[in-house]
Each structure stands twice: as C-alpha cells, then as structure tokens.
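All figures in this text were calculated on a predicted structure; none of them were measured in a lab.
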Amino acid sequence: MADLEKQQLQQLQSSTASDNDDTPTHRTSNGTFDIKVEKAAAAEQDEKSKGLFVRKGAKGEKKTRAGKKKDAEVEGLKPVPLSALFRFATKFELAIGAIGLVCAVAAGAAQPLMTLIFGNLTTSFVNFTTIVVNGTPDQIASAATDFRHTAAQDALYLVVIGIGMYVVTHLYMLIWTYTGEMNSKRVRENYLAAVLRQDVAFFDNLGAGEVATRIQTDTHLIQQGTSEKIPLIVTFIAAFVTGFVLAYIRSWRLALALTSIVPCISITGTIMNRFISGLMQKSLKAVADGGSLAEEVISTIRTTKAFGTQRILSALYDTHVEKAHNADMKQAIAHGIGLSCFFFIIYSAYALAFYYGTTLALLGIGDVGVIVNVFLAILIGSFSLAMMAPEMQAVSHARGAAAKLFATIDRVPTIDSASTEGKKLDNVEGRISLQNVFFDYPSRPDVRILKDLTLHFQAGRTAALVGASGSGKSTIVALVERFYDPLQGSVQLDGHDLRELNVSWLRSQIGLVSQEPTLFATSVRHNVEHGLTGTPFENLSSEEKLALVKEACVKANADGFITKLPEGYDTNVGQAGLLLSGGQKQRIAIARAIVSNPKILLLDEATSALDTQSEGIVQNALDKASQGRTTITIAHRLSTIRDADQIYVMGDGQVLEHGTHNDLLSREDGPYARLVNAQKLRERQGGDDLEEDEDSEGQATKPSGPLMTDAEAAAAAEAEIPLKRTGTGRSVGSDIMEQRRQAGLLPEQQLEKDYDFIYLFKRMGMLNRDALRLYGFGTIFAICTGMVYPAFGIVYGITIQSFATYTGASLRTAGDRNALWFFIIAIAASIAIGFNNSFFGAAAAQLTSKLRSISFSSILRQDVTWFDEERHSTGALTANLSDNPQKISGLGGVTLGAIVQSVTTVIGGAIIGLCYGWKLALVGIACIPFVISAGYIRLRVVVLKDQKNKASHEESAQLACEVAGAIRTVASLTREKAACREYSQSLEIPLRNSNRNSIYSTGFYAVSQAMSFFAIALVFWYGSRLVADLEYSTEQFFICLMSVTFGAIQAGNVFTFVPDMSSAKGAAASIINLIDTEPEIDSDSTEGKTLTDVKGQITFHDVHFRYPTRSGVRVLRHLSIHVNPGETVAICGASGCGKSTTIQMIERFYDPLAGTVSLDGIPITALNVADYRKHIAIVSQEPTLYAGTIRFNILLGACKPAEEVTQEEIEDACRDANILDFIKSLPDGFETSVGNKGTSLSGGQKQRIAIARALIRNPKVLLLDEATSALDSQSERVVQEALDTAAQGRTTIAIAHRLSTIQNADRIYYLAEGKVAEVGTHDELLRLRGGYFELVQLQALSKRE
C-alpha cells in the first residue's frame, strides 16, 4: 500500500511525457491486492507543464473593447460537458470507444473477484493450520491432500483471471489511445482554423506565442482527458461497484463498518483539491505571463543584445518565475498534508477490519476468509474511488481546457473570413469610397483615429495617402481590407457596403503590400503562390502556377535576384524571411500581391524598406502593376507618388487637402507643398566644374516623369548584385568556411549531446544545491515510507496465524493487540508520507524555478548566429522554456521520492522474507524480473516514441505560431484554409508514429497488469505445497507473500514513472545543452578590455563575411571603411549590398571571417562585449518595443540603473526624438502601455520612442539603420534635425535609402557587391557620376512643370 501515495503525489506534481504522449496508464499494487493508479492527478500539474496561457479568447468578446475583460471572461467560462469533449469524434470512433468501455468494466471487476479467491485461499490456509494444531496425523495427512487440491485450483483461477485481464486491458488501452490521438488532432486543427477566422481586433491583445502554447498545452490536456483516462475511470467505477456488492454479499455487517472510510476519503480529497487547484491557477498565470514576455524578447533578440538589456529582462522574467515558485511551494505543503490524512484513513481501516472482524468471528458470524475478502473488496472499492479522483481531475482539466478552446472555436467574429455568406459581385470595377467614417481601435477605445472621414477612390486610378504618423493612413487600408469595421459610416466597393460582401471573396479581390512584409518559412515560389489562394488560379497545375509566379516576379523586378539564389525559386527564405534583405522581401511580397491580378492594389509604404535603386525598379513595376486597377498607395517618400491621379493629404483623422501633385504644389503654403520642401534634396552648392554642375542640376531638376523607364528598370533588375559568388577562383571567405566545415564548426553541424541519467542527476543536483537539505530529509522519510509495507507484512502474517491458533478470550486479546499494531503503523506511515511528499515537492518547486530562470538567461546569452538557426526559432524556444523545467521537476521531486521508496520496499521486503522463509522468499524474488521486465520493455518503447514525437510536434506548433503571428498577411491572402491544411499535414507524422508505437506500449502495459496475477498464483501454489508438507507455518507464508511478492510488484511500479523519466531525461539533456553552449560572442563574459575614454573612431580593414547559416552566400568582401571620431558617415547602396551587415558587424552581432573591425584602433574582438556595446546605440529599421510602459521602454536604453535616470534626462531624450509632445498628450503620459510589441502605436511613434531609447544612453557611436524610413516627411525632418543635433560630438553611421537624410554626411560610402565602390561627400560623389549619382537622380523630386 505504501506506494500508492507515491504514485498519487508524484503524478500530481509531474508533467507529462510528451506532447503526444499516448503512454498508457500505470498501476500500483497494494498489500494483498493490486490497485491501478494512473499517474495519479497527473493532469493537475500537467496544465502547468506547458506554461498554459490562461487568458483571452472568450465567447463574449465580439465587441470587447479593451483586452482587460478577456481574463475575466475566460476565467468565468464553465467547463464543457463530458460529451462535448467528443464533438469531433466519428461514429466509428464512438463505436469502438464503447467496446473499449465494456472491456474496461471487465478489467475493473477482475480486481475484486481476485479478493474472493484470495479469501478462499486464506480460509484454506487457516483451516489447515487449525487441523495441524489440533488434529491427529491421519487427519493432517488427508487435510494436506485436500488443501493442495483446493490451493492449486484457486491458483489456476488466478491465472485465468490474469489472462482475461491482459486481453481486456490491451483492448481498451489501444482503442482509447487511438481515439484520444485522433480527437486531439481534430481539436488542434479546429482551433487553428478558428483562430485564423477571427477578426484582426481579436489578435490585438493576443500574442502569437500564446496560440502556440494553447495549441500545444490545452490540446494536450484534452488528449489526456479523452484517451485512457475515460476507460480508467470506468475501470475504477466497475471495481468500486463490484467490490462493494461482493463485500455486502459476503458480510454486510463488516462491510457496513468499513464503508465509513469512504466519506472520510472523499472529504479529504475534496479539501485537498480545492487548495491545490487555487494555487495552481496562480502558478499557471505567472508561467503564462512569463511565456508572453519570453516570446517578445526572443523574437527581438537583436535589440536586446544591442542595448545590453539581458539582465533587466531576465530580472523581469524572474519576477514571473518567483510568483509561480511561491505558489508551487505552498502546493507542495498542501499535497503533503492532504496525502498524510488520506493514507492515515486507509491504513487505519486495517486496524478496524481486524478488530471488528475478530468480534464477528467470535460471534460465529464470519471467518477469517470472509474478513479478508470483505476488507480487501471494500479497500479496493474505496481505493478505486480515490484513484479515480486524479483521472477525474484530468477529465475536468480537459473540460476546462476545452471550454477555452471551444470558446474560440465557437466564437463567430463580426468579420468572419470563414463565412460563406455575403454577396460576391460578378463584375468588380474597383470604386472604393468611405462615407462619414468614425473609427478607433478596439484595443484603444479612447483614441479616435478617423473623424467623419469621407474619401472616394476612382476605379482603375491610383490614389495616394500622405500625412504625418498616426494620421490614419494605414487605418484606411485596414478598413478597405475589412480587418476592422467603422464605428459609424460605411466603406463601399462599387456602391456596396463591405459588410454586405463575402469577406473572403472581398480580400481575394485585393492585393496588399504592407510596410513590414511577412514571408513564411517556405520557398520563394510557395511564398508567391500564396497570392493565388482563394482565386480562380488556385487549382492550376504546378507548371501553370510556376509560370504565373515567374511572370509576377518579373513584374516586381524580383526575378533577377531569385534566379541567382542558391536554389532559385525553390530557395527557402527562412523564418519570417530573415535570410533576405528588406528590399528582396518586399519585392517577393509585391509579386505575391499581383500574382492573382487583383482589381484593387493596396500599397502601405510598399517601398519604404527599399533602397533607391530597388525602389526605382519596384516603383516602375508597381506603376505597371497598378495600370487598369484601383491602387491606394500610402507613402512617406513623396517621390514614389508624384504620378498618382489623386493625392489625399491626411491629418488628425481627416482630409486636409487633395488634388494632383502639381495642383497641390501650386498651393505654396499648403500641407503638401510643405511636405515636399521638407523632403527635397538640396541642390549642389558651388560650381567648380560649371559644365558638369549645370548638367547634373539639369538632371536633378528634370520635369516630372517616372522614376525609371521600363528599359532602365529591366536593365537595373538584370544587373542587380547576385547573392551568390560567380567567380571561379576561391575567395578568402570560401577558404575559411571550408576550414570551419572540416572542423565541424558550422551551425548545422552542431548537434545536441545526449547524456545518461547519472550525469544528468549530478548536474541537476549541482544546479539545485540549495535544496540538498530538502532532498536529504525527503529521502529519510521516503525510506521510512518504504519500510511501512514490510512492517505490515509481519503484522498481517501474525494476525492470520492468530485466527488459526487462538479461540475465545485469547483470540480477542490477540485481535486487539494486532489491531493496535496496525493503528501504530498507520500513524507512523501518515507522518512519513506527509513529510516525504512535502520535502520532495518543495525541492521540485525550487528546481523548476531555478531551471526556468537559468534557461531564459542562457537563451539571452547566446549570440545572434545561434538564433539564426531554424531549430532555435522563437516558437520552439518559448515552448521549451515553459515545458522542459516542468518535465524535469516531475522527476526531480516526488518521483525521486517514489523511486527511493520502491527500492526500500523491495530490498526491505526481500530481507524480511528471507529471514522468515527463504525457500518461498526465493521463489518470490525469482518472480521479480518478470514483474519488472514488462515495465522495462515498456520504458524502451516509450523513450523511443518520445524522442521521435518531440521534434515533430514542435514543428507543427512553430507552424501555428508563424501563421497566427502573421494574421494580417494570412487574412489578406485568404490563406486561412491553406494554412490549416499545412498544419493538418504536419500533424500526420506524429499521429502515425504514435499509433504504431501504442500497439506495443499498450501491449506491454497489459502484460505488466496481468503479470502480478501470475506471480501471486505461483507463490500461492508453491506456498500451499510448503505449508501442506509442514515445512512452513501460515504465519511464515503470509509474511513472505506480503513482503516479497508484493515487494516485487512494487518494483515494477517504479516504471509507472517511465513517461516522466523519459521526458525528463530529454528535457534535462536539452537544458544542459543550452546552459553548456558557449557563444562565440559572449555578452555576459567579463573578459576583454574595457575602455574609459572612447573617442568613437570606427575602422573596417579588409573585412570578409558570410552569414554562418548561409555559408554559400558572400556578403562582405575586402570591405574597408574608416570613420573618424565625431564624423557622420553614411552607407548606401542597393538591397543586399551589405549595408545592414556592416551595422551588425559594428554591434558585434557577428565576427568577420577575415579582416578586423576596430574602435579607436583596438580590434573590437579584444574588447569586453557588454562594455563595448554601452558606447553604441542603434536605431533599426523595424523598431522593437516590449509590452510595458513608454517609460520602461525608454529606460531599457539607459547604461546606468533605471532608478538613477532622472525624469529630466528622459524628457530631454524624448524632446530630441520629437516624441515628448505626443507622450504628454496621452492620458497616462509616460505610464501609457505600448501594447504587445508596441502594437498600440503607429510605426512613426514606435520609431521615435526607439530613437529616444538610443539617445538616453548618450552613446559615443550612433548607428542609424534606416532610422527614419518609417516616418512621414514632417516628422522625418524634425527627427533628422534632432539626429543631426544628437550626432554632434559623437560618431554617427547612418544607412538610408532616402538620400535626403544623408546628404549632409561628412562622408558617404556607396557599397556594391559587398565592398566600397565609391566614397566621398554628397557633392564629390555627384561629380563622379557613378552609382550614387544614379541614386540621386532616381530620388530627386521634380519641380513643378
């Protein structure tokens, strides 16, 4: 019996084997009977195992304005009815499920039926002993013959029950494991489909990581609650009913007395569960919040590194970990107390049974066989109820998780992309109008974005929207795409309100290219093909699709660079298109938008991420693409829209003025004319070479016309720098890469090491040193708990013997004495069990929090190269961060106590058995390998399955995370169904593996269930022979049976923890690998020089570089750049020429393959990384903000502790970044929350906060990577002035596509093919009439005709 609590609590604490774990349930045995315990209460903690996100996604959310209501809504969801869990099951699955339940009933009835035989055998032993004590030799001889026959017959019955047990157990486990897998797969598919059909407002408060965590954790809970848990509950109910019915038939008086333990058990269980579930909710909430933060930080790792915020963000993460830890510690104590009471009740029942049983025997109403039979039947029945609690818990968790998932699945959004309702127009002209539109974002209801706006876009014409950041330009695009509906007024297409049209059809008529293009982690070809989804071209053959793709790429001037990629159109673009330059991503996105030849084209800053060369090419492509279709362009860069048929100037949610380029320029003081003047390139000063000067000015001021003619665009696209080396000679980079490949240093060659259990235990022990005392005390109490069982064996043997040898008053005395011994053992056991579980639970809680904290710090410590690898994608890392520590804690806590306890029971039992009767003990010991082997074989099966399934499920979660994170792109491409199909396919492999493996694992499980019946039968048969031959007494027999045979069964129960052990081993190896990974560029290292007086001289000397994850592509070669202290140097060139790479080299995200980058003459590789980065600040093209206040985000840039930064310093930085007035205008000022990843702010506002964050650290070197590309002209001019002021006294290196922002630079480097092609001031480079001169001509705004 002693191992029952071991299982119960261990599993309460443990997490599950693997996401897809179809491992069958496990069982343990008790005393004279065998009780099934499946990872008791596993689900309770399982929820925690994946860091469940307990928020958002409730039903009543259609019109939820702010995300705040969501928590309450989800928390208030009622669990779904049990039948609803099977809403996605087929009739076939329901039919075989019913067969499985019938088998489960049979399996449940087998346990109590065994007690009947056990009682009969006990009676035979006692009767025979009585004859031995009182009878003649002849009577003894004839009694011995009868005794042998009866015992052999009963042993045979046990064998038959064992065989039946195997058959029905294998059947029900196999059936329900299979249906559970299928069910959870369908739930996963339906959930993702439902998430993708939601309106965009739903996602404004939902992190992409949350979808991944939900899809892994909540569906896993449903799988757990709908697979083997259901038949196990039926098994337990059958055992309960059979046990009680049998007991009342045999002796209703004794049965009635023993029934008193049932209410005691249920009251204890109820109180314990209430405490624990409350604490668990707290723990889960904290883990969920930590997961959200981790997803944000990991996805923006470059910003984290650049500003050295790893420690601040780790500390922030640790606050969530600490909250979870506090709840877990209380939970451990609650568990200990609960189980202590629980087992006190059970063990006291032994005393009651034999005390009252003795009374009944003396009254002649029963005998010892009846007492044993009734007692064991009631105990099995009661235990079945108790053991059912954890299974019920798993089911209730499944019902709770289903409520959250089904709420999302059943949530019909107001804008439903999956709906078939709504008109589909036969002929689309493309007239779009907004009538008296009022709008604000649901996540910010207090900020009005559009105010009574009326706009008309003519069919087939190009209209442009310009205006300051936050003036509502992108909002108009979102309304036309119907991502949102206006609060008042209407948006119409060809006179039809968009709300009357079919959403999916509407979006298939529109091509959208946004400012930050989202590509999916698949090939270039498939990315462009996504644009065909939902259109008549979707079902064309592969060859026809490829023709369309190539045609679109030629139009978008992308064909040139794609054909030069390593695998052409089949090149994988990497997660979120990280492996392509901004311009290349943008052109693929443009090809995707026009591939289906839509009637309407929306360009939301479509060219802002492009350099002038590509912009000219792409603008030319867009000009061609927009012919014959309605085009709405948003642009900050006015050179791209001067040919528009109509230009609307927006301000404060209204139209300030509209007209053509020339009309608007004629109003000299109008908003548009002011914008143009702000952006106009200064014409060259001086006139040394008059002829050349006039010529170039004449060029710069030629009348309005296209940026490039078709011929120029074609030539430029053709001549675009290939990403791949073309020469036949070996370059320096190739040689070095080859050496690295041979040395096994390339990222793809770095495989994770596998470690054995002993090493992992040692490492975990070292990490959790503080808890060694807890482990020490826990082990002592675990040994005590383990010895309870053998002690019971001795008292039990003496008790049975006393019925044979005593009568009358002496039997009464013996009965009272034995009952007292049982009661004393009950008290000792409850104390040992309580402390054992509390100590191990507390140690596990400590280990979990330590591992979470260390893992997050270790992730942030890795260098940028590590994050470039596919296996270290944001989704996978976030999932592992919440998963792995929980899996390990199962093994490092109560499981460990259970193992100690089992080993003690086996060894202690064997020793006692050998002392009392060595022959029988040896037979019992000989059975041990058979009882254990089934468990061991199963261990092998499960571990192998675990390893295979681990990776495949991570991949599918990553896929879900990716599409949920890019919901606007998915929605605009109407890719929802296609994305769901891909996700469904990614689930097929884990499903097939799981189903194949479950045949073996459930078979071995069934064998292990039956094996104990066979072992008991053998010991009874052989024992009856020994007793019949008068070699052993009944007392010796029962002591050997109880101590050795049930000890052997105990040993097999260590394998109950197989799934936890196998998943914990994988998780521990994964964490150790993470902790041991030494980054080449270690920002936590204390090594390297620190500089006290930094001047800010930056030098590149003959630098060669390739990205480690793309070793075949040359990026920089022979690059030499020299920047003097205090100079402003600009770097420009075509997309992919290596501009952003130089910035990353200065930040030391990567080290050059050859050559050096130095600061003040010292190679940066010799400097301390963290200290070196303190002197540098970066403002990137795509600003990254974290969920938190504006103040928090700005302070992340500070070099000194946040409390030392004054409000004045913060305001100065904001003033310089032109954001102070905006912040002060907000209701909460600096305490305003920016939303998840800054989603509550416009691009320009985010960028200006990022600039303030850079300026607050007062850097010596300021890096501007397209710092103003996201700003409108007005803000850009002010910010540019601020940056010019900020640049004084510090070295500034700027990358810009918009040349007006860099014309005042002290020196401009024009890069081509990864090296410097031209260098000089703006004027000098114009004289050269080279590549830079061309860029200027492309960008010069025309004067009015």
- [ ] Not counting sequence neighbours, which residues clear salt bridge (Lys or Arg N to Asp or Glu O under 4.0 Å) with Arg482? List them please.
- [x]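 Result, salt bridge (Lys or Arg N to Asp or Glu O under 4.0 Å) vs Arg482: Asp485.
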
Open item on the list: List the residues meeting salt bridge (Lys or Arg N to Asp or Glu O under 4.0 Å) with Lys977, not counting sequence neighbours, and say none if there are none.
Closed with: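 In terms of salt bridge (Lys or Arg N to Asp or Glu O under 4.0 Å), with neighbours along the sequence ignored, Lys977 is linked to no residue.
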
Measure the spacing between [atom1] of [X] and [atom2] of [Y] and express it to the nearest 0.5 Å.
X	Y	atom1	atom2	result
Leu174	Ile999	CG	CD1	6.0 Å
Leu405	Asp218	CG	CG	4.5 Å
Asp328	His335	CG	NE2	10.5 Å
Leu284	Lys282	CG	NZ	12.5 Å

Side chain to side chain contact (heavy atoms under 4.5 Å, CB included) partners of [X], counting only residues at least two apart:
X	value
Ala978	Thr533, Arg975, Arg981
Pro486	Val437, Leu479, Val491, Arg499
Asn502	Lys424, Ser504, Trp505
Tyr317	Leu293, Ala294, Val321, Arg852, Phe856, Leu881

All ring-ring contact (aromatic ring centres under 6.0 Å, His included) counterparts of [X], not counting sequence neighbours:
X	answer
His530	Phe520
Phe483	none
Phe439	Tyr441, Tyr484
His170	Tyr166

Taking all non-hydrogen atoms of both residues, which atom of [X] and which atom of [Y] are closest, and how far apart?
X	Y	answer
Ala104	Pro231	CB-O, 3.4 Å
Leu82	Arg399	N-NE, 4.1 Å
Leu959	Ser986	CD2-OG, 4.1 Å
Asp416	Val412	OD2-CG1, 3.8 Å

TODO: Step by step, work out the side-chain hydrogen bond (donor to acceptor under 3.5 Å, both in side chains) result for Ser972 and Glu481.
DONE: CA-CA 7 Å; Ser972 67; Glu481 271 280 4; 4.5 Å; no

- [ ] Output yes when a side-chain donor or acceptor of Gln198 lies under 3.5 Å from a complementary backbone atom of Thr408, and no otherwise.
- [x]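 Such a contact is found between Gln198 side chain and Thr408 backbone.
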
Task: Main-chain N/O of Ile222 paired with Thr226 side-chain donor or acceptor, under 3.5 Å - done: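 Flag set: sc Thr226 to bb Ile222 pair under 3.5 Å.
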
Open item on the list: Could you work out, with side-chain hydrogen bond (donor to acceptor under 3.5 Å, both in side chains) as the rule, every residue matching Ser417, not counting sequence neighbours?
Closed with: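 Partners of Ser417 by the side-chain hydrogen bond (donor to acceptor under 3.5 Å, both in side chains) criterion, ordered by chain and then number, come out as Glu976.
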
Open item on the list: Using the side-chain hydrogen bond (donor to acceptor under 3.5 Å, both in side chains) criterion, which residues pair with Arg992? Sequence neighbours excluded.
Closed with: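 With sequence neighbours excluded, Arg992 shows a side-chain hydrogen bond (donor to acceptor under 3.5 Å, both in side chains) to no residue whatsoever.
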
TODO: Apply the side-chain contact (heavy atoms from CB on, under 4.5 Å) test between Ile237 and each candidate in Val241, Val234, Thr235; give the one that qualifies.
DONE: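 Looking at Val241, Val234, Thr235, the match for Ile237 under the side-chain contact (heavy atoms from CB on, under 4.5 Å) is Val241.
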
